[in-house]
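For reference, the structure is listed below as structure tokens.
These figures come from a predicted structure and were not determined experimentally. All chains are named by letter (A, B, ...) in the order of the sequence lines, taking the proteins before the strands, and each is independently numbered beginning at 1.
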Amino acid sequence: MDNLKGFHRSGYCGIWRSAHIGQEVSVCGWVQRQRNLGGLIFVDLRDRSGLLQLAFDEDTAKEIFEKAATLRSEYVIAARGILRERESKNPELPTGDLELNVLELRLLARSETPPFEIVENSDVNDMLRLQYRYLDLRRPDMQKAIATRHKITKIARDYFDEQGFYEIETPMLTKSTPEGARDYLVPSRVHPGKFYALPQSPQQYKQLLMLSGFDRYMQITRCFRDEDLRADRQPEFTQIDLEMSFVNEEDVMLVQEGFLSRVFFEVLNVEVNAPFRRMTWREAMDRFGSDKPDLRFGFELCDISDLVKDCGFGVFSGPIAAGGTVRLINLNGHAADFPRKKIDKLADFAKTYRAKGVAWARLLDGKVTSSYQKFLSDEENAAIMERANAKDGDLILIVGDEKEEIVFAALGALRCECAKQLDLLKPNDFQFLWVTEFPMFEFSEEEDRYVAMHHPFTAPMDEDVEKLETDKKGCRAKAYDIVLNGTELGGGSIRINTPEMQETMFRALGFTYDDAMARFGHLIKAFEYGAPPHGGLAYGLDRLCMLMAGADSIRDVIAFPKVQNASEPMTQCPAEVEIKQLDELKLSLQGS
RNA sequence: GGCUCGGUAGUUCAGUUGGUUAGAACGCUGGCCUGUCACGCCAGAGGUCGAGGGUUCAAGUCCCUUCCGAGUCGCCA
């Protein structure tokens with residue numbers, strides 16, 4: 001085995017072009033592939049910049065040629081030589097016009113045959129990829145995704161610095177606040193029986209920093225939530241966390257539009273149109289059945305409750321009588337794409353969102369066929385088609401339920417599913433949207449009370465302050481989400497900044513004074529010392545990277561992600577610990 | 001916790017109504033080869049069919065249990 005003594009790399013493999021022909025250069029990397037033609041050997045050398053072909057021929061010294069013959073995939077080597085023009089060029093490679101005529105070859109490390117090939121777009125089982133994540137990360141698409149992530153965080157730091165934000169770190173060991181997601185708990189050796197919690201977000205700290213007068217804060221920080229995973233949810237994830245003083249909603253949104261415009265232009269060369277569209281939460285639900293609508297396509301929702309409330313068809317009239325709603329989407333022009341079998345599949349799909357079923361109507365060649373026609377009068381049938389603005393070739397899907405959130409969830413998901421099946425979701429079409437005026441509260445059936453939809457420090461809208469204690473359902477918050485193509489990229493709010501309002505809020509949430517003091521006493525006390533009006537926002541950095549890298553899962557933009565059961569296949573954590581460690585912490589396991 | 005889909009060679013997959021010795025491609029090993037670049041040609045090795053149990057003359061295939069993964073609903077202030 002050789003070493004690097006006296007060897008100095010002159011540059012990455014992928015940077016050399018025709019202009020460098022004749023230069024002596026030194027490169028290092030991994031053997032992508034060795035092609036031995038007998039009296040002639042080619043080696044593709046790979047590093048993070050790309051590939052360079054090394055050539056060994058009759059002019060090559062015998063011992064170097066023999067060493068080249070022993071090279072296998074993923075061996076680590078260093079080579080020095082003269083760049084020369086290739087006899088036959090490879091237009092597929094940026095370095096395809098040249099090759100390195102090797103004068104010196106050093107073998108730095110051998111490699112076992114990897115469990116999968118180190119190539120772009122390899123179609124390998126996720127579990128295996130994650131067990132050998134260090135090899136998976138060698139693949140060019142993963143290298144590119146991680147590099148994209150670096151660029152995004154670099155631009156975030158630069159941009160927010162230019163806008164006057166300080167990057168300030170907040171603790172990882174914090175106090176558990178049972179409101180919201182489950183916390184990861186950390187036991188304390190010096191405080192037996194007491195626990196830290198890993199932060200779900202730096203929310204309270206960043207508000208205190210505003211109170212301390214830092215005016216603008218940012219942090220790219222890890223957050224932790226002990227909940228079930230999804231393609232876009234990991235138990236630890238990264239936020240770009242921001243807070244600003246003396247601002248209203250517009251001020252916050254303006255700064256974010258500047259950031260997103262810049263990051264999309266500098267990373268993807270995409271010009272996004274700021275200011276972004278704005279839509280109230282209510283409008284988003286009414287038109288798209290979702291608080292994070294994908295605006296790349298239509299198929300908007302349409303309320304027909306008033307048309308069918310007295311009809312003889314219980315599937316429609318029943319939910320309305322029970323205080324619910326009946327709504328439809330029109331898949332304009334796509335009736336022919338959804339034969340009966342596919343509609344049945346869509347109905348099954350809708351049932352996963354707790355819809356009881358999907359009624360449908362199809363207008364083809366001037367003829368209407370529908371699943372409910374015979375139960376309604378001609379006038380009622382016609383009124384529905386008219387309300388849906390149905391034209392020839394249209395397909396209408398109808399969902400009714402006594403709970404409007406089920407109708408919204410089912411139709412909102414159906415319109416996305418249909419768009420997906422119709423291939424209408426163009427990955428390079430970036431449709432940003434601010435969703436504003438979120439409800440202050442939502443009813444938690446589990447807790448049988450209203451809880452804060454965002455968090456209990458969110459300010460109510462000025463015109464809804466009186467509703468805090470009288471009309472919780474109708475009370476809206478100064479909260480906003482930034483949505484991109486159906487993904488919630490980030491969310492934030494203007495915060496409460498007076499102890500009087502905070503007290504009112506806790507009362508509205510049903511906390512006693514003692515409850516509130518026990519959980520948030522530090523914040524309540526702090527707010528007695530002059531908190532500026534402030535607000536902010538936090539991005540899910542992983543989701544932003546996922547959308548910008550064109551990935552399907554945030555796992556593809558996280559170097560070492562976890563799998564669905566929240567474990568990590570490579571290190572196999574979480575893992576058992578020694579009894580001695582538990583004893584030190586004064587912990588014991590149930591049943592042991 | 002629920003639902004759907006999946007687990008066969010190192011990898012990606014095929015495997016018919018249950019029926020001879022479980023196949024292909026790529027990869028790997030050995031040999032040949034002076035312009036390849038998905039090099040080519042020849043030869044070869046490689047399988048607890050996720051695990052356990054059952055039905056059967058016979059199970060990769062059918063049944064039960066279980067483990068693991070993916071997606072999703074619940075959950076995620």
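What separates CZ of A:F237 from P of B:C76 is a distance of 13 Å, to the nearest Å. If you take CD of A:E445 and C1' of B:G74, they are 11 Å apart, rounded to a whole angstrom. Rounded to whole angstrom, the span from the CD atom of A:E58 across to the C1' atom of B:C33 amounts to 15 Å. When the C1' atom of B:C13 is taken as reference, atom CG of A:D123 falls 10 Å away, rounded to whole Å. Summarising the geometry, the separation between CZ on A:R182 and P on B:G74 is reported as 14 Å, rounded to the nearest angstrom. Per the geometry, CD belonging to A:E442 stands 11 Å off C1' belonging to B:C76, to the nearest Å. Across the protein-nucleic acid pair, A:Q200 atom CD and B:C75 atom C1' stand 13 Å apart, rounded to whole Å. If you measure from atom CG of A:N121 to atom C1' of B:C26, you get 16 Å, rounded to the nearest angstrom.
Residue contacts for A:L128: at a heavy-atom cut-off of 4.0 Å it reaches the sugar-phosphate backbone alone, with no base atom in range. Contacts of A:R72 with the nucleic acid, taken as non-hydrogen atoms under 4.0 Å apart, involve only primed sugar atoms and P, OP1 or OP2.
Comparing the P positions of B:U17 and B:U11 gives a spacing of 28 Å, expressed to the nearest Å. Separation of the C1' atoms belonging to B:G6 and B:C49 is 14 Å when rounded to the nearest angstrom. B:A14 and B:C68 are spaced 23 Å apart, taking the C1' atom of each and rounding to whole Å. Comparing the P positions of B:U66 and B:G71 gives a spacing of 23 Å, expressed to the nearest Å. When the P atom is compared between B:G15 and B:G35, the two are found 42 Å apart, to the nearest whole Å. Nucleotides B:G47 and B:C37 are separated by 33 Å at their C1' atoms, to the nearest Å. The same atom, C1', is picked in B:U29 and in B:A70; the two are 35 Å apart, to the nearest Å. Taking atom C1' in both B:G60 and B:U48, one finds a spacing of 13 Å when rounded to whole Å.
Under the Watson-Crick or G-U wobble criterion, with both distances below 3.5 Å, B:C37 has no partner in any strand shown. When both distances must be under 3.5 Å, the Watson-Crick or G-U wobble mate of B:A9 does not exist. Under the Watson-Crick and G-U wobble criteria, each requiring two contacts below 3.5 Å, nucleotide B:G47 is left unpaired. The pairing partner recorded for B:A70 is B:U4, the criterion being a Watson-Crick or G-U wobble arrangement whose two distances lie under 3.5 angstrom. Summarising the base pairing, B:C62 is matched to B:G54 through a Watson-Crick or G-U wobble pair whose two defining distances lie under 3.5 Å. Nucleotide B:G27 forms a pair with no other nucleotide shown, judged by Watson-Crick or G-U wobble geometry with both contacts under 3.5 Å. Both distances falling under 3.5 Å, in either a Watson-Crick or a G-U wobble arrangement, occur for no nucleotide opposite B:G18.
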*asked:* I'd like to compare against my own output: the B/S/- annotation of nucleotides 35-50 of chain B with a strict under-4.0 Å heavy-atom distance to protein.
replied: BBB-B-----------
*In the 5'-to-3' direction, what one-character label does each nucleotide of nucleotides 1-6 of chain B receive under the scheme B = base within less than 4.0 Å of a protein heavy atom, S = sugar-phosphate only, - = no such atom?*
B-----
Tabulate protein N/O versus nucleotide N/O from nucleotides 66-70 of chain B, keeping only pairs under 3.5 Å, one per line.
from: B:G69; atom 1: OP1; to: A:N565; atom 2: OD1; distance (Å): 3.4
from: B:G69; atom 1: OP1; to: A:N565; atom 2: ND2; distance (Å): 2.8
from: B:A70; atom 1: OP1; to: A:Q564; atom 2: N; distance (Å): 3.4
from: B:A70; atom 1: OP2; to: A:Q564; atom 2: N; distance (Å): 3.0
from: B:A70; atom 1: O3'; to: A:R555; atom 2: NH2; distance (Å): 3.4
from: B:A70; atom 1: N7; to: A:Q564; atom 2: OE1; distance (Å): 3.3

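Nearest to the side chain of A:E227, among B:G27, B:C76, B:U11, sits B:C76. Distance from the side chain of A:P115 is smallest to B:G10 among B:G10, B:C75, B:U12.
Looking only at distances, a side-chain donor or acceptor of A:Q32 sits under 3.5 Å from a matching main-chain atom of A:I118. A donor-acceptor contact shorter than 3.5 Å is absent between the side chain of A:D481 and the backbone of A:V483.
For the residue pair A:D241 and A:Y539, no side-chain donor N or O sits within less than 3.5 Å of a side-chain acceptor on the partner. Side-chain polar atoms of A:Q203 and A:Y205 form no donor-acceptor pair below 3.5 angstrom. Using modelled atom types, one finds no donor on one side chain facing an acceptor on the other under 3.5 Å when comparing A:D542 with A:Q234.
Ring-centre distance between A:F297 and A:F299: below the 6.0 Å cut-off. The ring of A:F56 has its center no closer than 6.0 angstrom to the ring center of A:F65. Residues A:F506 and A:F520 place their aromatic rings such that the two centres sit under 6.0 Å apart.
The base of B:U11 is not paired with the side chain of A:E117 by any donor and acceptor separated by under 3.5 Å. Contact of A:R233 with B:C76 (side chain to base): a donor-acceptor pair of N or O atoms is detected under 3.5 Å.
In terms of position along RNA chain B, the nucleotide closest to A:D552 lies nearer the 5' end than the nucleotide closest to the other residue of the pair A:D552 and A:M453.
Listed by chain and residue number, A:D286, A:E404 satisfy the salt bridge (Lys or Arg N to Asp or Glu O under 4.0 Å) test with A:R282 (two or more places apart in sequence, or in another chain). Under the side chain to side chain donor-acceptor pair (under 3.5 Å) criterion, A:K478 pairs with A:D462, not counting sequence neighbours.
Taking every heavy atom of both residues into account, A:Q34 and A:A68 meet most closely at NE2-O, 3.0 Å.
Within the structure, every pair that satisfies the salt bridge (charged side-chain N to carboxylate O under 4.0 Å, His left out) test and touches residues 90-103 of chain A, not counting sequence neighbours, is listed here: A:R84-A:E99.
Remark: A:R222 is not positioned above the aromatic ring of A:F237, lacking an NZ or CZ atom under 6.0 angstrom from the ring centre and at most 45 degrees off the axis.
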_Apply side chain to side chain contact (heavy atoms under 4.5 Å, CB included) to residues A:Q204 and A:H522 and explain how you reach the verdict._
CA-CA 9 Å; A:Q204 294 173 43; A:H522 49 288; 2.6 Å; yes
